[in-house]
Amino acid sequence: MAVGGAEPAHRSVNRPLFARFYTRLSEAADVRAGVGAHREELLAGLSGQVIEIGPGNGLNFSRYPATVSKVLAVEPEPHLRKSAHEAARHAPVPVEVVPGSADELPLASESCSAAVCSLVLCSLPDVHKALAELRRVLQPGGELRFYEHGLAEDRRSMMRIQRVLDRTVWPMLFGGCHTSRDPVGDIGAAGFTDISFRRLLVPKEGPVFPSSFHVLGSARRP
Ligand SMILES: C[S@@+](CC[C@H](N)C(=O)[O-])C[C@H]1O[C@@H](n2cnc3c(N)ncnc32)[C@H](O)[C@@H]1O
């Protein structure tokens, strides 16, 4: 399924501290903040060849349904990629983890039936290029599944905080993450259609963080 070989040097991102922090945080959030259940919903019913961008430590892998024939997971960060390789070994479906970047996918055009983005559009240097790549590698009618966080649309003061954080410390502290992006708007602007989604607060109860405003949904490549 994958084409191409070694990772070009400029595509690699080396974030050992973030990788360690994210591994702990994501494992805890799966259980305590209900993220695991959202991941199940994200992947339910998928089939065929799937591309997942930025899988991190691979927490989605154990949740792919048996109808998926293969997942290609493109992860640029070497420490997270190592954990993803380990997670892939225990996955119920074949998962190949490769180095690379979402804005230059090592795949032929129209080679995938589905694409998965989870908590990743916030961290990409070029979201528009990555979505254009996902559109390229999806077959016509192929499905994009997304679970992302973004702008707190109905909370003005939180939106202001998010924008300030994104211009200052947040991306530096959290591996390039931004809190005020508009994943659904970006997916629509990339030409995906039939967008359907629901909004979620994560965690559902308790403290509200700048990164709490999630969307979970799907769209189609026309
Ligand atoms: C917040 S983590 C999310 C990990 C995982 N998707 C999840 O659901 O837990 C963001 C991920 O995006 C990856 N990432 C950053 N830049 C990327 C790029 N250009 N292409 C693909 N993935 C990238 C990071 O290395 C990291 O694994």
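Keep in mind the model is a prediction, meaning the values are calculated, not measured. When a residue number appears, it is its place in the shown sequence, counting from 1. In listed order, ligands and their atoms are each counted from 1. Values reported hereafter were calculated over all heavy atoms of this structure, with side chains retained and with hydrogens, waters and symmetry mates removed.
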Using heavy-atom distances, let me know which of Leu124, Val13, Leu42 sits nearest atom 18 (C) of ligand 1.
Leu124
Are [X] and [Y] ion-paired here, with the side-chain N under 4.0 Å from a carboxylate O?
| X | Y | value |
| --- | --- | --- |
| Arg15 | Glu77 | no |
| Glu110 | Arg221 | yes |
| Glu41 | Arg39 | no |
| Glu104 | Lys129 | no |

Starting from the C-alpha separation in whole Å, work towards a yes-or-no answer on side-chain contact (heavy atoms from CB on, under 4.5 Å) for Leu144 and Ile187.
CA-CA 9 Å; Leu144 171 65; Ile187 288 166; 4.0 Å; yes
Taking all heavy atoms of [X] and all of [Y], pick out the closest pair and write down the distance.
| X | Y | result |
| --- | --- | --- |
| Pro78 | Asn14 | CG-OD1, 3.7 Å |
| Gly191 | Arg135 | CA-NH1, 3.3 Å |
| Val97 | Ala88 | CG2-CB, 4.0 Å |

Is there a heavy atom in [X] that sits closer than 4.0 Å to ligand 1?
| X | value |
| --- | --- |
| Pro125 | yes |
| Ser123 | yes |
| Leu59 | no |

Atoms in ligand 1 flagged as close to [X], the criterion being non-hydrogen separation under 4.0 Å:
| X | value |
| --- | --- |
| Gly56 | 4 (C), 5 (C), 27 (O) |
| Ser101 | 18 (C), 19 (N), 20 (N) |
| Val120 | 12 (O) |
| Glu77 | 25 (O) |

Sub-6.0 Å ring centroid separation between His38 and Tyr147:
yes
Path from Phe18 to Val35 over hydrophobic side-chain contacts below 4.5 Å:
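Yes; tracing contacts between hydrophobic side chains, which count when under 4.5 Å, links both residues.
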Could you say whether the N/O atoms of [X] and ligand 1 ever approach to under 3.5 Å?
| X | result |
| --- | --- |
| Tyr22 | yes |
| Leu119 | no |
| Gly54 | yes |
| Arg39 | yes |
| Ser118 | yes |

For ligand 1, the portion of [X] having any non-hydrogen atom under 4.0 Å away:
| X | answer |
| --- | --- |
| Glu75 | side chain |
| Ser26 | neither |
| Cys122 | neither |

